[in-house]
Amino acid sequence: MDFVKELRWRGMLHDIMPGTEEELNKKMTSGYIGFDPTADSLHVGHLTQIMTLIHFQRAGHKPFALVGGATGMVGDPSGKSAERNLLSEDTLNHNVSCLENQLKKFLDFDCGANSAVMVNNFDWFKNFSFLDFIRDVGKHLTVNYMMAKDSVRKRLEGETGMSFTEFSYQLVQGYDFYYLWKEKNCQVQMGGSDQWGNIVTGTELIRRKSGGSAFALTTQLIKKEDGTKFGKTESGAVWLDPKKTSAYKFYQFWLNTSDEDAKSWIRIFTLKSQQEIELLEVEHNQEPHLRTLQKALAEDITVRTHSEKALETALKTSDFLFGNGSLEFLLELNQSAVLDAFEGIPQFKISNKQLLSGIILTDLLTELTTVFPSKGEARKMIQGGGVSVNKEKVLDSGQTFKLDNLINGQFLIIQKGKKNFYLLIAE
RNA sequence: GGGGGGGUUCCAGAGCGGUCAAAUGGGACGGACUGUAAAUCCGUUACUUCGGUUUCGAAGGUUCGAAUCCUUCCCCCCCCA
């Protein structure tokens with residue numbers, strides 16, 4: 001398998017430094033991608049980078065996953081219009097270990113020579129003093145060079161300015177590359193296209209400091225066809241951690257991609273072959289309403305990110321919530337089967353006592369649950385026809401609910417809009 | 001240290017004594033149409049027991065009445081040294 005070719009046909013390649021492809025085709029090469037520990041989980045936006053490393057390893061090269069315990073302390077100004085808040089050391093440590101655990105799922109760390117390796121740049125920065133750094137690293141690059149970078153220039157032109165800390169970021173990341181190049185024979189750095197500037201600082205540093213050569217390659221930033229940001233839903237980022245984004249929601253996120261996006265994303269986010277994908281596309285075009293591509297995409301990623309079992313549950317839940325005649329289906333299940341099917345959607349407990357006297361819908365949606373943040377909002381949404389209980393639209397915000405509204409004597413299914421469900425359990 | 005500009009509802013950005021819960025745009029959410037798609041159209045976008053109640057960097061003050069005027073403080077940007 002030819003790594004660069006692979007990225008090309010998948011439409012992932014954005015920019016590549018001259019000589020990189022030749023170098024990679026010569027021999028097994030080590031390459032790395034850095035991940036910033038800005039949160040305690042990776043999100044779907046990181047998946048492109050993860051896929052890049054997977055392809056890298058499948059092509060017989062040795063992938064390094066770098067977690068930025070040190071760079072995370074500085075803050076990457078790339079793509080940021082304002083200075084960022086620094087994270088505390090505790091948070092950072094916690095995040096680093098979370099990310100490491102997630103990355104372990106995707107790469108093979110035990111397959112001989114090209115086993116993946118996990119590194120944390122805090123390890124080589126913790127004992128690097130400020131003075132040593134500015135003498136050994138800072139001296140090799142001019143401020144002029146650093147200021148020409150997009151990430152810096154934009155901030156200098158803008159209104160917010162930029163701290164020295166963030167200005168230095170590229171040096172810190174640049175040194176990572178130098179260190180890995182020198183100590184681990186890591187010759188290639190990869191990353192999203194927004195990282196080009198930072199990566200080049202690294203190759204430049206290697207060249208000036210040691211006269212060595214290193215290579216770089218960046219991947220396309222994922223964009224949606226309609227121009228909106230990839231990876232966001234109404235409830236925020238789509239995380240890989242099932243505690244932050246349930247497998248059901250995760251599956252739904254991918255299922256809901258548009259036809260256009262599905263075509264490019266199935267190439268980027270799955271390992272399916274070109275042939276396989278083209279076949280799926282033909283199928284999809286014949287009967288677009290079946291959403292063959294979206295389903296294949298969603299299933300593939302869900303299994304690899306979570307598990308076969310998680311996918312099954314997600315499918316079951318989706319089937320139930322979006323299928324037809326589903327209330328009957330629910331009646332046949334016992335309580336644990338219901339809870340299992342609803343695992344991925346928000347649940348609330350209410351007491352039978354309250355239901356005995358009847359609960360007004362708006363209270364139910366705001367005080368007893370967090371479906372809506374305020375009664376006013378709940379009322380407006382109900383009036384707009386956006387709320388259903390047990391699959392039936394409710395138009396009177398004053399309606400009360402009692403014991404006999406419960407399905408199976410214990411459940412109430414609240415629906416906000418078309419796709420947001422909540423399960424209320426009475427006990 | 002000197003001079004200038006500025007902090008408004010999710011964001012951008014109007015308002016510059018009452019008609020302001022605050023224009024406009026974006027975003028977000030909801031509805032219709034569909035395929036749980038895209039495009040399009042429509043609606044909502046501080047809280048409320050619908051009487052009112054709390055909002056315009058913070059605290060005071062002037063006024064019948066302030067986002068709008070005054071005082072102090074905090075923060076941001078630009079220019080000069």
Side-chain angles (χ1 to χ4, degrees), chain A residues 79-85 154-163 166 223-238 246-266 280-281 283-299 302 314-326 341 344-346 359-367 370-389 391-398 400 413-422:
Chain A
K80 299 284 184 306
S81 58
E83 188 80 14
R84 298 201 308 192
N85 292 325
K154 281 200 184 115
R155 286 277 289 277
L156 293 180
E157 285 165 1
E159 289 195 334
T160 37
M162 162 181 238
S163 67
E166 284 193 13
K223 269 224 210 91
K224 291 208 286 185
E225 201 55 36
D226 60 10
T228 55
K229 218 170 172 186
F230 165 74
K232 286 272 153 79
T233 62
E234 57 271 28
S235 40
V238 180
S246 69
Y248 157 75
K249 276 241 159 111
F250 186 84
Y251 172 83
Q252 281 288 323
F253 168 75
W254 295 104
L255 188 70
N256 275 302
T257 56
S258 70
D259 290 7
E260 278 310 303
D261 290 334
K263 278 178 192 149
S264 68
W265 294 1
I266 197 158
L280 284 170
E281 281 176 343
E283 242 177 86
H284 186 276
N285 290 336
Q286 276 164 2
E287 294 181 281
H289 62 281
L290 293 181
R291 289 172 297 150
T292 312
L293 282 174
Q294 283 89 338
K295 280 180 187 156
L297 175 70
E299 286 174 17
T302 308
L315 285 172
K316 215 191 300 170
T317 314
S318 302
D319 224 42
F320 167 68
L321 293 174
F322 295 100
N324 302 318
S326 12
I345 74 164
I359 305 174
I360 296 169
L361 183 57
T362 46
D363 290 338
L364 192 66
L365 298 176
T366 54
E367 282 166 21
T370 55
V371 178
F372 288 100
S374 76
K375 287 186 185 175
E377 197 168 313
R379 222 169 274 130
K380 281 170 200 154
M381 193 69 84
I382 292 166
Q383 270 153 23
V387 176
S388 297
V389 176
K391 294 257 176 165
E392 263 176 63
K393 205 160 264 194
V394 186
L395 292 166
D396 172 16
S397 53
T400 58
I413 297 168
I414 311 273
Q415 184 175 0
K416 178 173 81 176
K418 223 173 279 182
K419 301 169 191 172
N420 303 294
F421 293 91
Y422 304 86

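For the numbers below, each heavy atom of this structure counts, side chains included, while hydrogens, waters and symmetry mates do not. Every chain is numbered from 1, with letters handed out A, B, ... down the list of sequences.
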Quick one: [X] [atom1] to [N] [atom2], roughly how many Å, whole number?
X	N	atom1	atom2	value
A:Gln415	B:rC29	CD	C1'	15 Å
A:Lys416	B:rC29	NZ	C1'	8 Å
A:Glu299	B:rU36	CD	P	16 Å
A:Leu365	B:rG30	CG	C1'	14 Å
A:Lys391	B:rU36	NZ	C1'	11 Å
A:Lys418	B:rA32	NZ	P	6 Å
A:Ile382	B:rG30	CD1	C1'	12 Å
A:Lys419	B:rG35	NZ	C1'	11 Å

With [atom1] as the reference atom in both, quote the distance from [N] to [M] in angstrom, rounded to an integer.
N	M	atom1	value
B:rG60	B:rG5	P	27 Å
B:rG31	B:rA37	P	11 Å
B:rG43	B:rU53	P	31 Å
B:rG6	B:rA14	P	10 Å
B:rA28	B:rA81	C1'	47 Å
B:rC33	B:rC41	C1'	9 Å
B:rG57	B:rU8	P	6 Å
B:rG30	B:rC74	C1'	40 Å

What nucleotide among [options] has an atom nearest to a side-chain atom of [X]?
X	options	result
A:Gln252	B:rU36, B:rA38, B:rG35	B:rU36
A:Met381	B:rG30, B:rG31, B:rG35	B:rG30
A:Ser318	B:rG31, B:rU34, B:rU36	B:rU36

Working to the nearest 0.5 angstrom, can you tell me the gap between [X] [atom1] and [Y] [atom2]?
X	Y	atom1	atom2	value
A:Leu297	A:Lys295	CG	NZ	13.0 Å
A:Glu377	A:Met381	CD	CE	6.0 Å
A:Asn420	A:Ile414	CG	CD1	12.5 Å
A:Leu321	A:Lys418	CG	NZ	15.0 Å
A:Gln252	A:Thr257	CD	OG1	11.0 Å

Answer with base, sugar-phosphate or nothing: what part of the nucleic acid does A:Lys263 contact at a heavy-atom distance below 4.0 Å?
nothing
Heavy atoms under 4.0 Å, any strand shown: does A:Glu260 hit a base, just sugar-phosphate, or nothing?
nothing
Find which nucleotide of RNA chain B each of A:Leu255 and A:Gly417 is nearest to by heavy atoms, and output the residue with the more 5' nucleotide.
A:Gly417
Sort me out a list of protein N/O and nucleotides 46-50 of chain B N/O pairs below 3.5 Å, or just none if empty.
{"residue": "B:rC47", "atom": "OP1", "partner": "A:Ser374", "partner atom": "OG", "Å": "3.0"}
{"residue": "B:rU48", "atom": "OP1", "partner": "A:Lys375", "partner atom": "N", "Å": "2.7"}
{"residue": "B:rU48", "atom": "OP2", "partner": "A:Ser374", "partner atom": "OG", "Å": "3.4"}
{"residue": "B:rU48", "atom": "OP2", "partner": "A:Gly376", "partner atom": "N", "Å": "2.6"}
{"residue": "B:rU49", "atom": "OP2", "partner": "A:Arg379", "partner atom": "NH1", "Å": "3.2"}
{"residue": "B:rU49", "atom": "OP2", "partner": "A:Arg379", "partner atom": "NH2", "Å": "2.8"}
{"residue": "B:rC50", "atom": "N4", "partner": "A:Arg379", "partner atom": "NH1", "Å": "2.2"}

If [N] has a Watson-Crick or G-U wobble mate with both distances under 3.5 Å, name it; if not, just say none.
N	value
B:rA32	B:rU40
B:rU24	B:rA12
B:rU49	none
B:rU54	none
B:rC64	B:rG18

Mind checking side chain to side chain donor-acceptor pair (under 3.5 Å) for A:Asp363 and listing every partner two or more places apart, or none if nothing turns up?
A:Lys375
Mind telling me whether B:rG51 is syn or anti, cutoff 90° either side of 0?
syn
Taking the six-membered ring for Trp, are A:Phe253 and A:Trp265 parallel (under 30°), tilted (30 to 60°) or perpendicular (over 60°)?
parallel
Examine the side chains of A:Glu287 and A:Thr292 and answer whether a donor and an acceptor come within less than 3.5 Å of each other.
no
With sequence neighbours left out, write down each residue that passes ring pair (Phe, Tyr, Trp, His ring centres under 6.0 Å) with A:Tyr422, or none if nothing qualifies.
none
Would you say the base of B:rU36 and the side-chain of A:Lys295 have a donor-acceptor pair closer than 3.5 Å?
no
Does A:Asn420 make a side-chain N or O approach to OP1 or OP2 of B:rG30 shorter than 4.0 Å?
yes
